[in-house]
Amino acid sequence: MDDLLRVLNPDQRAAVTAPDGPVLVVAGAGSGKTRVLTTRIAWLLDRGVHPGAVLAFTFTNKAAKEMRGRVDTQVGAGRAPFWIGTFHATCLKLLRADGAALGLNPRFAIYDTDDQKRLLKQVMAAEKIDPKQFPVNVVRTVISRWKNDDTTPEAAAEKAIAHVDEVHATLYAAYERALTRCGALDFDDLILRAVHLLERHDEVRARYAGRFQHVLVDEFQDTNSLQMLLIKALASEHGNLFAVGDDDQSIYGWRGARVENMLEFDQYFPGAHTFRLEQNYRSTGNILAAANAVIANNRRRKGKNLWTESGVGDPLTIEEFLDGDDEAARIVEIVRAECAAGHTRGDVTVLYRTNAQSRLVEDALRRAQIAHQVVGSVQFYERKEVRDTLAYLKLVANPADEISLLRIINVPKRRLGETTVERFLEAAAYADLPPGEFSARTDLLEPAVGLAAAGRLRAFFDLVARWRTEAGTGALSVPELLARIVKDIDYPGWLHTDDPESAESRLENVAELVNAAHAFHEGSDGGTLAQFLEQIALVADADTIQDGEGAVRLMTIHTAKGLEFPVVILAGCEDELLPHVTSSETEAGVEEERRLFYVALTRARQRAYLLHAARRRRFGAHEDCLPSRFLGEIPDPVCTRRELNRGWQPPIAQTLFGSAPRPAPTWVTPSNSPARMLGPRPKPTRPVRQTSEWHDDVAQAAPFYPGQHVSHSSFGSGVVLRVEGVGDDLVVTVDFRDAGHKHIIPRFAPLVGLD
DNA sequence: GATCGATGATTTTTT
DNA sequence: ATCATCGATC
């Protein structure tokens, strides 16, 4: 243990060895926050605290896993495990164990955002509320906010002033009834119900609060009021709360996070000890100076100054591009340069504000044949085929789950159309029976939907009942059940009928899900179906990040929180994007965006590239963009800036003939850029060089043309499909006889024309 | 009840 | 520009 403490700096050591009682550790970016948390746990265990008496909250499952691993290496594995997980996973554990006290359906399903929206649509249709007047997304957000404030539907109705509030409150109440009927909880419910469980059932609260002598919370700045209630309840017996966070990294205000939980820690937990960690072990001096300078512009913060003993390092690179395509081409270039300079592709991470930005970068990397992984976005579990397959499993696990039922009752086609299903569900609700049971009541079913449809419905529910029996008796494991379902419904056949184009790749995704089920089965020593579904419901984007050196990673800044990378490329540093247009109205909004920018900067260990474009496509149309105001807050000595030269344009005629490549953009280094960029600048009025023609020129001048027969050293022979200029490169899409479609860059991979 | 084509919204960030 | 939803038609 002494060894563990010796490697800490005095501040870290003081925090780790803090006496019992409430403790707040204000930990700047890269200040060894995770190390402090893990060492604190190790220190507690070393001092004789029983592992079962320790409860720790992390932001992602991945962080939980890593932290457990690190504690294990510190104190040796093989002890009784301590509790560590996300708020949602931990609350789920409480509810599975003691939810009966709240009268919860013991088989309750977890509804994610998509399920919520579908259910809400149903509810609105039933309540005859026009979704045009009350957008589903808005209603969903309003309800979520109420839940996070611990506001009941009744309280919401009482507080309603305007008509919209009344409608929202009505929908909230109806939505809650629908959730109950479906035997489901949404994400917010997991925490809300856990809080209710502890607040309304004192014997349950006393049991858990008595058991957990030490509660530790990571990323405390991003807890909301509900989570605060939970923490308070769990720490109510012993009062030992160890909270770690950074107010400058609070980036979840939009989903109810309250920095106040941290800023007013003293009031919530009187007598708290506060420790501050300001020495940064992650980034170079220049990166840190830039981050410090930017965040200093925020008014609502406690204020701290990170410092480092490591050298200044390279200056940050700030570059302007014509559009998103040019920016993406430059990212390819940076990756190549960094790899040539000794980094691996896995050392480079591209960050951006919105998921939509990943597309261009992804395309550019794919064309350049650079391995990459997009974290989040349209991730695996959101694909239609995966969701459909999962819906079958969910329906097997929970017969009441109407949303899953609706998803798949006619997929593949069973001649059960909208009208039939509607009549059926209505009649079932009227009879107050779950769909499956109602379908067995021939006397009720046939008059409701007619003889023919009744037969088809019964056939479907017989199938589900069979799966349920087999899964329930343990005759089939989760992966076996999944494979059985896919086979029984001939899902491959259906995918092919539905869309032959994509059938193969969609089938691969289904196969991938079966693989995941196998992995789960082996990893969890034969876990139940419910456990499998829970695990899937609660995976976060960040949990899917693969370790390794092979691939450039692309993710949103939000997803990157808590991570670090040698090289960070921050794309789209433009006003209206970062800060985002929807947050630019209020000071609080801009300050949260500035924290987001700060988080992005402080992810970088060695090098940071901040890129922005002069125009970007939005809804298909080009829009002029100004550089982000945050770029102007970076002091000049720590960065180099290159802006587009908006003066003289090279004559187009020069490149019409011959094989002149697209000219590299010409840059100017502004001499007075920081001063000039501080305030809002007028929109650029001078004409900006058009590039679309240049792309075409490259194609025309190229030695390759569509239809041409070509040969490649490793892919063999094929036919050219498309020739296009991308950035400074020529990209030839070839249909190889053996290798299929590939994007080839002749500059790197020799491609020989055969005719 | 299914299929095709037109229309309109969509992009902020996530457990 | 792309995707989901809606309406008309078979």
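Any value given below was found using the heavy atoms of this structure, including those in side chains, with hydrogens, waters and symmetry copies removed. Below, chain A is the first sequence line, B the second, and so on; all start at residue 1.
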A:Glu593 side chain, from C-beta outward: closest of B:dT15, B:dT14, B:dT12 = B:dT12

Answer with base, sugar-phosphate or nothing: what part of the nucleic acid does A:Arg255 contact at a heavy-atom distance below 4.0 Å?
-> base

Can a side chain N or O of A:His580 be found less than 4.0 Å away from OP1 or OP2 on B:dT12?
-> yes

Would a line drawn from the ring center of A:Phe220 to the ring center of A:Phe59 be shorter than 6.0 Å?
-> no

Do any side-chain nitrogens or oxygens of A:Thr419 fall under 4.0 Å of OP1 or OP2 in B:dG1?
-> yes

Of the nucleotides B:dT14, B:dT11, B:dT12, which has the atom closest to the A:Arg618 side chain?
-> B:dT11

Rounded to whole angstrom units, what separation is found between the CZ atom of A:Arg594 and the C1' atom of B:dT12?
-> 18 Å

Is any side-chain nitrogen or oxygen of A:Lys132 closer than 4.0 Å to OP1 or OP2 of B:dA9?
-> no

Residue met sooner reading DNA chain B from 5', once A:Pro135 and A:Arg140 are mapped to nucleotides | A:Pro135

Roughly, in whole Å, what's the span from CG in A:Asp218 to C1' in B:dT15?
-> 15 Å

Distance between the C1' atoms of C:dA4 and B:dT13, in whole angstroms?
-> 22 Å

What nucleic acid atoms does A:Asp188 come within less than 4.0 Å of, heavy atoms only: base, sugar-phosphate, or nothing?
-> nothing

N/O (side chain, A:Asn355) to phosphate O (OP1/OP2, B:dT11) under 4.0 Å = no

Charged N to carboxylate O under 4.0 angstrom, A:Asp112 versus A:Arg387?
-> yes

Could you tell me whether the phosphate oxygens of B:dA9, OP1 or OP2, come under 4.0 Å of any side-chain nitrogen or oxygen in A:Asn137?
-> no

For A:Phe57 and A:Leu234 the tightest heavy-atom approach is CZ-CD1, 3.8 Å

Indicate, yes or no, whether a donor-acceptor pair under 3.5 Å links the base of B:dT11 to the side chain of A:Thr582.
-> no

Atom NE2 of A:His88 and atom C1' of B:dT15 are separated, to the nearest Å, by 4 Å

What nucleotide among C:dT2, B:dT12, B:dT14 has an atom nearest to a side-chain atom of A:Arg359?
-> C:dT2

Test salt bridge (charged side-chain N to carboxylate O under 4.0 Å, His left out), reference A:Asp222, set A:Arg258, A:Arg255, A:Lys561, output is A:Lys561

Can you tell me how far C1' in C:dC6 sits from the matching atom in B:dT11, rounded to whole Å?
-> 23 Å

What's the CG-C1' distance between A:Asn61 and B:dT14, to the nearest Å?
-> 13 Å

Does A:Arg456 make a cation-pi contact with A:Phe461, if we ask for NZ or CZ under 6.0 Å from the ring centre and within 45° of the axis?
-> no

Looking at A:Leu577 and A:Glu593, what are the two nearest heavy atoms and their distance?
-> O-OE1, 4.3 Å

Think A:Thr556 has a side-chain N or O under 4.0 angstrom from the OP1 or OP2 of B:dT14?
-> yes

Rounded to whole Å, the CE-C1' distance (A:Met124 to C:dT5) equals 15 Å

Salt-bridged, A:Asp248 to A:Arg595, with N to O below 4.0 Å?
-> no

When we call it a touch if two heavy atoms are under 4.0 Å apart, what does A:Lys121 touch: a base, just sugar-phosphate, or nothing?
-> sugar-phosphate

Length of the CG-C1' vector between A:Leu360 and B:dT11, whole Å | 14 Å

Find the distance A:Trp494:CH2 to B:dA2:P and express it as a whole number of Å.
-> 9 Å

Rounding to a whole Å, what distance do you find between A:Arg353:CZ and B:dT11:P?
-> 13 Å

Please work out if A:Thr60 contacts a base, only the sugar-phosphate, or nothing of the nucleic acid, heavy-atom cut-off 4.0 Å.
-> nothing

For A:Phe87, which contact category applies under a 4.0 Å heavy-atom criterion: base, sugar-phosphate, or nothing?
-> nothing

Of the nucleotides B:dT14, B:dT15, B:dT12, which one has an atom closest to the side chain of A:Trp254?
-> B:dT14

Can a side chain N or O of A:Ser583 be found less than 4.0 Å away from OP1 or OP2 on B:dT12?
-> no

